[in-house]
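What follows is one structure encoded as C-alpha cells, with my remarks underneath.
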Amino acid sequence: MKILITGNMGYIGPCVVERLRSSYPDATLVGLDMGYFANCLTNAEILPECRVDLQHFIDIRHIPEELLNGIDAVVHLAGISNDPMGNTFEEVTFDINYRASIELAKKAKQKGVRSFVFASSCSMYGSADDRPRDENSPLNPLTAYAKSKVYTERDLQNLADERFKVTSLRFSTACGMSERLRLDLVLNDFVAGAVTAGKITILSDGTPWRPLININDMARAIDWAISRDASNGGPFVAVNVGSDVWNYQVKDLAQAVKEVIPGVEVSINKDAQPDKRSYRVNFGLFRTIAPDYQPQVDLITTIRDLKEGLESMKFADENFRNSRFMRLKVLTHLRTKELLSEKLEWTNRGGIQ
Ligand SMILES: NC(=O)c1ccc[n+]([C@@H]2O[C@H](COP(=O)([O-])OP(=O)(O)OC[C@H]3O[C@@H](n4cnc5c(N)ncnc54)[C@H](O)[C@@H]3O)[C@@H](O)[C@H]2O)c1
C-alpha cells in the first residue's frame, strides 16, 4: 500500500500522517506540499515530515505524472484553506483548489490509483435556516473558498467509477492542537484569547451555528475513506463528517472555554452584522456508512488539549490574530517580502520543480 498525502505540511496533515502510520504500519507514506506554512510549528518533538517515507516539495499545479506511479490511494488536503485567503487570492484559490485538484484526480485515475479522498467542507451549505443540512440539501457557497469545493466535488463525481473510488469528506470546522497550529479557527481562537489575555472576543453576535470536529476525528474519517468498500456509498460519495452533538452556536463554544478556563471575560459584538455563514448539519449518512469511525473526542478534552499545548509553548501573544498562526497573515507576509509571486508560487525556485 502506497499513500500520497498532499498538503501534509499544514494543520491537519501531521495528525493524518500519524493516524495512517499507525493504521497502515506497512504502508509507504508519501507527503507532497509546497510548504507555505512549514515554519508555523508549535513545539513538535520532531519535524512532522520525518514520519513520512518520502516528502516532495512540489506545487500541486505542477505535479509530474510519474510521481503517481505505484500510488494506491491519494488523500488530497492541499489547498487554500479558508475564506479570508480565498477572498484575497480569489483566482489562485480556483486554480489550486479546483483546477489543480481535478488535474491531480485525472492523473491519479490514469495511473491506476484506486481511492481518492478529498478534503471538502460543510461551508458549501453557506447560509441556511435552522434545519440541519444533509447531503441532498441545496448548496449555497458564499465565498471563493466554498465555491472551489463545490466545483471540485462536482467534477470528481464525473471521474469516479468502479476502479476509481472517490470520497468527498465534507468536514465541519476543524479544531484541536496540532504540530502546525492554526489560530484562525473559531474554537482555537477562543482558547488562544483565553490563555493569552483572559478574554474571548466574539466577532459576531454569537448566534451563528457552526459544526465542529477535532482534527483527530478528521484523521479517523480519512482512514475510513481510504479503504471503504465501494459497495458502501458507491464509487462516489460526498458525506458530511462530524457529529450531531457538535453542532454549536458560537456563543456556546465561548461558554465551554469558560468552563475549562474560569474567570475568562467574554465579549460579544452586539452590533455585529448577522454572520451569513450559519448552518447546522445532519451527520446521519456518515453514521450509517462509517459506524466504526465516528468522532470520539469531546469538546472539553479538545479545549484542554489546546490550552495545555499553548501553555507548553509558553504562548503569550495577545496579538495572536496578527501572528504566524493565522494563515492569511503568513501568505501576505510572504507576498510583501516577494518570496511568493502573485500566483503564490515561490519566486526563488527558478521554475525548477
Ligand atoms: N481546517 C478546517 O476547518 C477544514 C475544514 C474543512 C475542510 N478543510 C480542508 O482540509 C484541507 C487541509 O486543511 P488545513 O486546515 O490543514 O489547511 P492548511 O492551510 O493548514 O494546510 C494546507 C496545506 O496545503 C498546502 N498547499 C496549498 N497550496 C498548495 C499547492 N499549490 N501545492 C502544494 N501544497 C499546497 C499548504 O502549504 C499547506 O501546508 C484543506 O483542503 C481545507 O480546505 C479544512
Side-chain angles (χ1 to χ4, degrees), residues 4-17 31-42 48-49 55-63 67 75-86 89 92-101 103-104 117-125 141 143-150 152-153 168-176 178-189 210-215 217-219 221-222 225 238 240-242 246 277 281 324-331 334 340-341 343-346 349 353:
L4 173 70
I5 305 142
T6 72
N8 67 305
M9 297 177 69
Y11 170 58
I12 298 164
C15 190
V16 170
V17 168
L32 186 156
D33 201 299
M34 63 188 292
Y36 288 146
F37 312 111
N39 64 355
C40 303
L41 289 163
T42 51
E49 290 61 62
Q55 180 69 44
H56 295 290
F57 283 102
I58 292 186
D59 187 329
I60 59 157
R61 289 167 287 186
H62 309 291
I63 294 184
L67 196 144
V75 175
H76 183 38
L77 304 175
I80 300 299
S81 60
N82 69 11
D83 290 336
M85 287 189 285
F89 304 105
V92 180
T93 297
F94 287 118
D95 272 343
I96 296 177
N97 291 17
Y98 170 45
R99 296 181 192 103
S101 296
E103 282 310 306
L104 169 65
V117 181
F118 175 56
S120 188
S121 167
C122 282
S123 66
M124 54 175 60
Y125 297 118
T143 61
Y145 170 73
K147 285 177 188 157
S148 75
K149 297 289 184 191
V150 172
T152 306
E153 255 192 27
S168 188
L169 301 171
R170 292 183 183 171
F171 285 121
S172 305
T173 297
C175 58
S178 161
E179 290 172 326
R180 276 207 183 78
L181 189 58
R182 282 178 60 180
L183 293 178
D184 51 11
L185 296 162
V186 59
L187 185 70
N188 297 7
D189 172 285
R210 203 56 57 77
L212 253 64
I213 185 168
N214 183 288
I215 52 173
D217 288 330
M218 296 171 96
I222 288 170
N240 297 333
V241 178
W246 279 67
R277 293 161 313 150
V281 176
R324 68 193 165 95
F325 296 110
M326 307 295 283
R327 292 296 188 245
L328 177 61
K329 293 284 166 191
V330 175
L331 287 191
L334 293 170
L340 283 176
S341 71
K343 290 183 167 175
L344 300 183
E345 293 175 326
W346 294 117
R349 291 293 290 267
Q353 291 299 330

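The structure presented is a predicted model; accordingly, all values stated were derived computationally and were not measured. Residue numbers run from 1 in the order of the sequence given. Ligands are counted one by one from 1 in listed order, and the atoms in each one are counted from 1 as well.
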Would you mind checking which non-hydrogen protein atom is closest to [atom], with the distance to 0.1 Å?
atom	value
atom 32 (N) of ligand 1	Ile60 N, 2.8 Å
atom 15 (O) of ligand 1	Arg182 NH1, 2.7 Å
atom 19 (O) of ligand 1	Ser81 OG, 2.7 Å
atom 41 (O) of ligand 1	Leu77 O, 2.8 Å
atom 2 (C) of ligand 1	Ala174 CB, 3.5 Å
atom 16 (O) of ligand 1	Ile12 N, 2.9 Å
atom 37 (O) of ligand 1	Asp33 OD1, 2.6 Å
atom 34 (N) of ligand 1	Met34 N, 3.2 Å

Near [X], which atoms of ligand 1 are under 4.0 Å from a heavy atom of that residue?
X	value
Ala78	24 (O), 34 (N), 35 (C)
Thr173	3 (O)
Gly35	37 (O)
Leu185	3 (O)
Ala119	9 (C), 10 (O), 11 (C), 41 (O)
Gly7	23 (C), 24 (O)

Answer with yes or no whether the side chains of Thr42 and Glu179 bring together a donor and an acceptor at under 3.5 Å.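 No donor-acceptor contact under 3.5 Å links the two side chains.
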Donor-acceptor side-chain pairing of Arg210 and Ser172 below 3.5 angstrom: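 No.
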Got a second to check how far [X]'s [atom1] is from [Y]'s [atom2], nearest 0.5 Å?
X	Y	atom1	atom2	result
Leu344	Leu334	CG	CG	9.0 Å
Trp346	Ser341	CH2	OG	10.5 Å
Asp184	Met326	CG	CE	5.0 Å
Ile60	Leu67	CD1	CG	12.0 Å
Ile215	Arg182	CD1	CZ	10.5 Å
Leu169	Asn240	CG	CG	10.0 Å

Is the closest N or O pair between [X] and ligand 1 shorter than 3.5 Å?
X	result
Arg327	yes
Leu32	no
Met9	yes
Gly10	yes
Met85	no

Would a distance-only check, ignoring hydrogens and angles, find a side-chain to backbone donor-acceptor pair under 3.5 Å from [X] to [Y]?
X	Y	value
Thr93	Ile80	no
Lys149	Ala119	yes
Tyr11	Gly176	yes

Salt bridge or not for Glu103 and Arg61, using N-O below 4.0 Å?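 Salt bridge flag = no for Arg61 with Glu103.
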Could you see which bit of [X] sits under 4.0 Å from ligand 1, with heavy atoms only: side chain, backbone, both or neither?
X	value
Ser120	backbone
Ile58	backbone
Asp59	both
His76	neither

Shortest heavy-atom approach to [atom] - which of [options]:
atom	options	value
atom 22 (C) of ligand 1	Gly79, Gly242, Gly86	Gly79
atom 43 (O) of ligand 1	Phe118, Phe171, Tyr145, Tyr36	Tyr145
atom 5 (C) of ligand 1	Ser178, Ser121, Ser172, Gly31	Ser172

Derivation of the side chain to side chain donor-acceptor pair (under 3.5 Å) call for Ser123 and Arg170: CA-CA 8 Å; Ser123 66; Arg170 292 183 183 171; over 6 Å; no
Quick one: does Asn188's side chain get under 4.5 Å of Phe325's, heavy atoms only?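 SC-SC contact between Asn188 and Phe325 ruled out.
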Gln55 vs Asp33, side chain to side chain donor-acceptor pair (under 3.5 Å): CA-CA, chis, key distance, verdict: CA-CA 8 Å; Gln55 180 69 44; Asp33 201 299; 5.9 Å; no
Think Arg180 forms a cation-pi with Phe37, using NZ or CZ under 6.0 Å from the six-ring centre and within 45 degrees of its axis?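 No.
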Ligand 1 contacted by Arg170 (non-hydrogen, < 4.0 Å):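 Under 4.0 Å: no for Arg170.
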